[in-house]
Amino acid sequence: MSGTKPALKAAKAALDANKYQDAIDQAKVVLETEADNYHANVFLGRALEKLDQNQDSEEAYKAAIGRKDNDPLAWQGLVGLYEKQAGKKLDDYHGAAIRLAELHMNEYVEQRVSNDKIRCQAVVHKYTGNAHKYGSRAQYKRSLEVLLPTTTLYDYLEGRILQPAFTYSKIADIVEAEEREKINTEIGQRRTRLGAKIDQVTSEVKREVLENSPLESLYENIINWTHDDEIRRQYEEKLLQHAYDTLIVVPTPKKAAKREQVQKMAQGLVILKHPFLLAWTIELDWKDGANIEEMDAGLFREFIALFPDVGLSKLLKGFLHSDVSPFPKPADSAQEQNEESEHNFPLSREDGLILMTEGMEESSSSILAHRIMGLMYLHLEEYEGAAATARQGLQRVSNESGMSGLTLESLFDAMRIILAAALVQFQAPRHHPEAMELFENVLHRKSTESSALIGIGLILEEQGEYVKAIDYFDRALKRTSDPKIKAEAAWCKALNGDNETSLHELEVCLQKMEGSDTRIKLLRSQTLYRVGMCIWNRDTSNKARKNREGAYAQFLASLQADLNYAPAYTILGIYYADYGRDKKRARKCFQKAFELSSSEVDAAERLAQSFARSGEWDLVEIVARRVIESGKVRAAPGSRKRGVSWPFAALGVVELNNQEYPKSIVSFQSALRSSPENYHCWVGLGESYHNSGRYIAATKAFEHAQQLEETSEDGSVKDHWFTKYMLANVKRELGQYDDAIAGYQEVLTLRPTEFGVSIALLQSLVEGAWHSIELGFFGRAAGAAGEALNVAKSVAKEHHEAFNLWKAVGDACSIFSYASAYASRLPAQVLLSLLEADIDFQVYNVLAEIDGISAETLQTLIRHSQQTPAPLQLSISAAVLAHKRAIHACVNDFHARAVAWYNLGWTEHRAHICSHDGRRTESKKKPLKHLKASVQAFKRAIELEAGNAEFWNSLGIVTTELNPKVSQHSFVRSLYLNDKNARVWTNLGVLYLIQNDVQLAHEAFTRAQSSDPDYAQAWLGQGLLAKQMGEVNEARKLFTHAFEIADSSSPIVKRQFAVSTFDHLLSSPLSSSTSAIQPLFALHQLCSQVSADFALQHLSSLLAERVGDFGDAAATLGQVTSNLEAEYETSESQVILMRFALAKADLSRAQLAERNFEAAAENAETALNLSEEEDVKNQARQRLRLSAHMTAGLAYYYQGTMDQAIIMFRSALEETQGNPDIVCLLAQVLWAKGGNEERNVAREQLFDCVENHPDHSGAIILLGVIAVLDDDRDTIEAVTADLEGLRTRDTLAAQNKSKVAQLLMIISALFPGEEGQNASEISQATTTTMLAPSQPHGWLQLADISDESHPAEMAVLTATKAAPPGGNLDANDLSKAYAGTRRLDDAQRAIMVAPWAVQAWEALA
């Protein structure tokens, strides 16, 4: 120890001299010998601190403290070191500062050193200052906790440090800031989680923070330590607010304790009359009183005084001054009279209501406000407002109950009673089920609650349950003697039929209804009215009801008591209307009653009937809407009382007249819900559906109305015919013309003079005829058009000036031009008599100077009625005349006149078309008179209605040939008016196509296709364009698509489709015969439309021949040859002669197929003779003669005249220069003749043919068959090699491949190789199968020689795929494949496919 003292002194001296390094060295010298030397460590720490070596300095101080913990010297150094570091070691500073302060305190206690208090205070003050300056909120709060009374230093330093209240307030401020920050941070983080809801997240975060919050303890300490009452109240408010916020978020089990705390604090602040709104709100809203009378009026007044500008104060002030308040008015209190406060001046009723309304808007979260305002609305009979307010109030009570944990049962019941009472009256009986449920809910807990008993009684009274209603009223009367309830019970007895008892009880109630109060007057007026109704219903005779001293006097007395009582006006109106014979006064009474109350349904009905009779439909609508809005018309669910339907029916009629069809549908449906058996409503509903285009629904509605007609027995249903008429209209709109026509005819049997029905029948016949034209039923169309003309004749007898009549006549005549094959069905005499009846013939001279059809034309037709012109010509002329008469019929109708000219224009255009259909004359000059007349007609139509796009389109069509520029202008104008019309774009494209402008034509057709992809003419135009560009296949596809989507009225679509398909069949020899079926049908229809076109008939016969209908082909060709012969005799044209020869050649071929060999040979010889002298030996002539030679040769062959057959074949061979097909036919005929010489010639011909045409399969096959028959093995070997190479070619037709396979199979069977016959056959069949696995022939051969079932099944599978439309396999081969499976079901299929096939029947056997 003695050795270290010099070093310690040297270290101390060095420190004093600020030689810190020397001090360090000296201190270390001491520590080397005495490591735990206290002073050496202190000196070392101090020196290091001066040299800013803080970490080493701290370690040195701690080493010294470890040696002497109770010595303040080292602690002072350590505290100084921490203080110097500006908050970097603030947490360590905290412990060191407290320890140093405690050491100073202990020195004072032990040694009574006065300076130690100052030192202790300085240490604490520096530490808190350093924490405040450099530390976080948490570190500063920790430093302040040193100054709290709960620490050991507080008693020692009391008076030298801050007051506890101030310290607590600073800590509270810090905690508040920390909690706010934590809440906001946590909410921001959690709300981004999946499925997070902001309300739930906020509640969870606040619960976590507030439950563990120290703020309430801090607030209580501030309240306890402060001497300032203002600060105390401030923190009492904060404490209550914090406790209330915690109560809201804590879980239910913890709410009770917290709620008691909140209630206790709130009551304390209220008792002190401290103006903290939350405390007063809690006190007022948590008061669970059954009645408002249980509340403290003094509390209300104190609240008003403390919070005069709060919304609830305004509402309470208005309430206390109102009649609905059960408390004494402020003016009645002596104390209030002595006070001169601006808040206590008396209020009028209006001002009080305004004040309450304003207060309600400002205090929308207050339960008490909703309760009081609901009572006020009930008092004012504002039931809608009462219901809305009560609903909101119930929601507030529910929210408050959930937040506070209070049951608030009485508040719930009070709100339910207010809501139910409002719902009883508001739009009664619409909300009665809900009101009943609310009342029953209250009675379940409070069985004697009079308000609920009365409410249920009123509902039952409205529902007609009078006995039950009386029971509920009697139960309520046990707790109250209100005369209103007694009167209501008595009125129920009257409604139940007990008028005498009711009358007596009502008179007793009247005696108790004295007073000048408005409500008493109303009640008295109501009771007097009910007394009058008892007298009125007691004796229903006219004499009793007319008695002015009876019920009438009571009704007047009722109005004297209250002039605004609406039911009294209603019954007085009924009295004046039914008994007083004063319609004017009755109407005034009804109007007054309805003005006072829209619930007066009887008065409204009488008014609506009156307005309807006078045609005032706008007033009918007003009345009906007001009644509907009143809510009285709908019956409550479950009620025995039916709803009122007439307001909905009346509204539906008004909307139907206004063409508001969707609205009228809704109205009639609503009416039918109340009166499902109302016939007129069903008719109105059906008419609304019909006019809105919902025809299926309209059909059901009218059919239901017809059922009501059949079941009606009371005579309420009249005019049965109207339903049938409307149903026929619907059928007509649906396109069911047969049903519509039958319906109109049935109506006409009941109402034969009904013009509208007759016109509808006429129009339906015409529309049905047009529909048949579109479907291709031309005969049916002609029949309907003829019937229409007969109907028109009967209509014209009474209404010959009707525009629709002559339009229908013109259309009916035009129909025969679209079905020219049936033009003979035109009733000429009926038509002529119709045109000449009741008219000045000069009417028919319109445009006569252009079209040549005039009155003279008609007169000529009439004079020569027995020698009428061709039916087609007559129909066209009559159509033109009918439309001219239609123009005369609508001379006074601007729009109809435009339509009439438009119709005449199209008829003239149709006349022009028909004049060029049929035969083609050699003259190039075409008559244009009808076309020019059409142009004039369309111009007249445009002059009358220039904005009609269809008129411009029509003008463009008829001027296409006359003036292309005008035509283009017309189409462009039409597109300007309607650019979405595909027909106009198509017509414009045709114009461009005629003018050879391919690009513009293509663009126009494309626009048409985009506007309407289903418009066939646009696709036809594209096809014509493709044909003109040489794209034949593309054109054929477009024609086919156009035909598939087109109707049957367009001849050009069918013509182009048939011609393009036939050309394709000629160029595709492998095409199936089924491909000709559709064009054949198209040509059949086309021939019905254009019966005089011989070229189309000829083409139809060729297609019929291809599909195997030889009879139809022969019949058609016979007609063609007859017509061509007649035409040749007239014109002697060589062109006609060649057509005749060609027709004869084709006819002979058809007769050959029908096995009419003699006629076939004769016609073929005729064709050869006619074509022999033809100068121009063109390809057509060569084909004609070849066909004739072949046909004649085959006909002679089958007749047995072989020599003639050989001559024909030799001639064909010579003319065709050795055609291999003819060689084959000649060889077969020679072989069939049977002579050796002929057979040798046949062999030679075939060898030469094979040599010249080595690829001709027919010659090789035929040569192989002859070799097999001759047993010529050398030839067989050569032919077999050729056949083996032939069947590998892809170009060989499937039918020829089958022949090759059969021949090779026969050769392998008759001339087997070394492997044997069976193996040779199997090898040959297997090879055939491998070469064509998708064809059934190889599989059939395998099935025949094999016992396995798989080849037969594969034969069926491949055959079904190769059959049309998948391939060209014929029915015989398919039947053979089915028969080969040896199964019963397949045998039946084989017979069904080919009933003539023997193998099919053998398989079945």
Side-chain angles (χ1 to χ4, degrees), residues 288-295 323-327 371 374-375 378-379 381 383 386 390 409-425 428-429 432-515 517 519-520 522-524 526-531 533-534 639:
D288 192 20
N291 299 304
I292 199 70
E293 293 89 343
E294 298 177 13
M295 301 292 287
D323 296 334
V324 74
S325 171
F327 307 114
R371 183 176 184 180
L375 293 172
L378 283 180
H379 176 73
E381 297 184 359
Y383 300 114
E409 184 177 297
S410 297
L411 269 178
F412 271 116
D413 289 343
M415 288 295 185
R416 290 191 184 103
I417 289 172
I418 294 171
L419 175 58
L423 293 177
V424 169
Q425 303 296 335
H432 282 182
E434 184 183 358
M436 177 72 81
E437 183 180 354
L438 291 169
F439 283 134
E440 288 176 347
N441 193 335
V442 174
L443 289 177
H444 181 71
R445 290 182 299 278
K446 301 176 182 177
S447 58
T448 60
E449 178 61 46
S450 58
S451 299
L453 293 170
I454 294 168
I456 293 178
L458 291 172
I459 294 172
L460 293 172
E461 177 186 339
E462 180 68 28
Q463 294 177 354
E465 302 280 352
Y466 303 119
V467 177
K468 294 181 180 179
I470 293 169
D471 176 61
Y472 275 94
F473 286 135
D474 289 342
R475 287 168 60 185
L477 287 171
K478 294 178 181 179
R479 293 180 56 84
T480 180
S481 59
D482 190 348
K484 181 179 180 180
I485 308 305
K486 291 182 179 180
E488 206 66 50
W491 178 239
C492 285
K493 294 176 182 177
L495 294 175
N496 199 37
D498 190 359
N499 290 300
E500 289 293 340
T501 304
S502 175
L503 179 61
H504 173 71
E505 292 182 358
L506 287 172
E507 290 174 344
V508 171
C509 292
L510 271 174
Q511 298 173 4
K512 299 179 181 179
M513 297 176 184
E514 300 294 339
D517 184 73
R519 299 179 67 185
I520 296 297
L522 175 60
L523 182 58
R524 183 174 179 79
Q526 183 188 60
T527 307
L528 285 168
Y529 162 77
R530 291 176 174 179
V531 168
M533 289 303 299
C534 289
S639 173

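Keep in mind that what you see is a predicted model, and the values were worked out from it rather than measured.
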Quick one: list whatever passes salt bridge (charged side-chain N to carboxylate O under 4.0 Å, His left out) with [X], sequence neighbours left out.
X      : answer
Arg475 : none
Arg530 : Glu488
Glu434 : Arg391
Lys446 : Asp413

For a quick test of reading the model, state the closest non-hydrogen atom pair linking [X] to [Y] and the distance between them.
X      : Y      : result
Phe473 : Leu458 : CZ-N, 3.6 Å
Ala386 : Gly374 : CB-O, 4.0 Å
Val424 : Gly455 : CG2-O, 4.2 Å
Leu411 : Asp288 : N-OD1, 2.8 Å
Cys534 : Ser502 : SG-OG, 3.4 Å
Thr527 : Leu506 : CG2-O, 3.7 Å

(request) Before giving the answer on side chain to side chain contact (heavy atoms under 4.5 Å, CB included), spell out for Lys486 and Glu505 the whole-Å C-alpha distance, their side-chain angles and the decisive distance to 0.1 Å. (result) CA-CA 8 Å; Lys486 291 182 179 180; Glu505 292 182 358; over 6 Å; no
[X] side, atom [atom1]; [Y] side, atom [atom2] - distance, nearest 0.5 Å:
X      : Y      : atom1 : atom2 : result
His444 : Glu440 : NE2   : CD    : 11.0 Å
Leu453 : Lys478 : CG    : NZ    : 10.0 Å
Arg416 : Leu419 : CZ    : CG    : 10.0 Å

(request) List for me each residue that meets side-chain contact (heavy atoms from CB on, under 4.5 Å) alongside Leu375, sequence neighbours excluded, and say none if there are none. (result) Ile292, Val324, Ile418
(message) According to side-chain contact (heavy atoms from CB on, under 4.5 Å), who are the partners of Ile470, at least two apart in sequence or on a separate chain?
(response) Asp474, Cys492, Lys493
(message) Quick one, Tyr472 and Leu443 - any side-chain contact, counting heavy atoms below 4.5 Å?
(response) yes
(message) Check whether Arg524 reaches the backbone of Leu510 with its side chain - one donor and one acceptor, N or O, closer than 3.5 Å.
(response) yes
(request) Mind running side chain to side chain contact (heavy atoms under 4.5 Å, CB included) on Val467 and Leu460 for me, showing each step along the way? (result) CA-CA 9 Å; Val467 177; Leu460 293 172; over 6 Å; no
(request) Could you walk me through whether Phe439 and Glu449 pass the side chain to side chain contact (heavy atoms under 4.5 Å, CB included) test, one step at a time? (result) CA-CA 9 Å; Phe439 283 134; Glu449 178 61 46; over 6 Å; no
(message) Determine whether Leu523 and Gln526 satisfy the following criterion, side chain to side chain contact (heavy atoms under 4.5 Å, CB included), listing intermediate values before the conclusion.
(response) CA-CA 5 Å; Leu523 182 58; Gln526 183 188 60; 3.8 Å; yes
(message) For the residue pair Thr501 / Asp498, report whether a side-chain donor-acceptor contact shorter than 3.5 Å exists.
(response) yes
(request) Count the heavy atoms of every other residue, nucleotide or ligand shown that sit under 6.0 Å from CD of Glu437, and state whether that count exceeds 12. (result) no
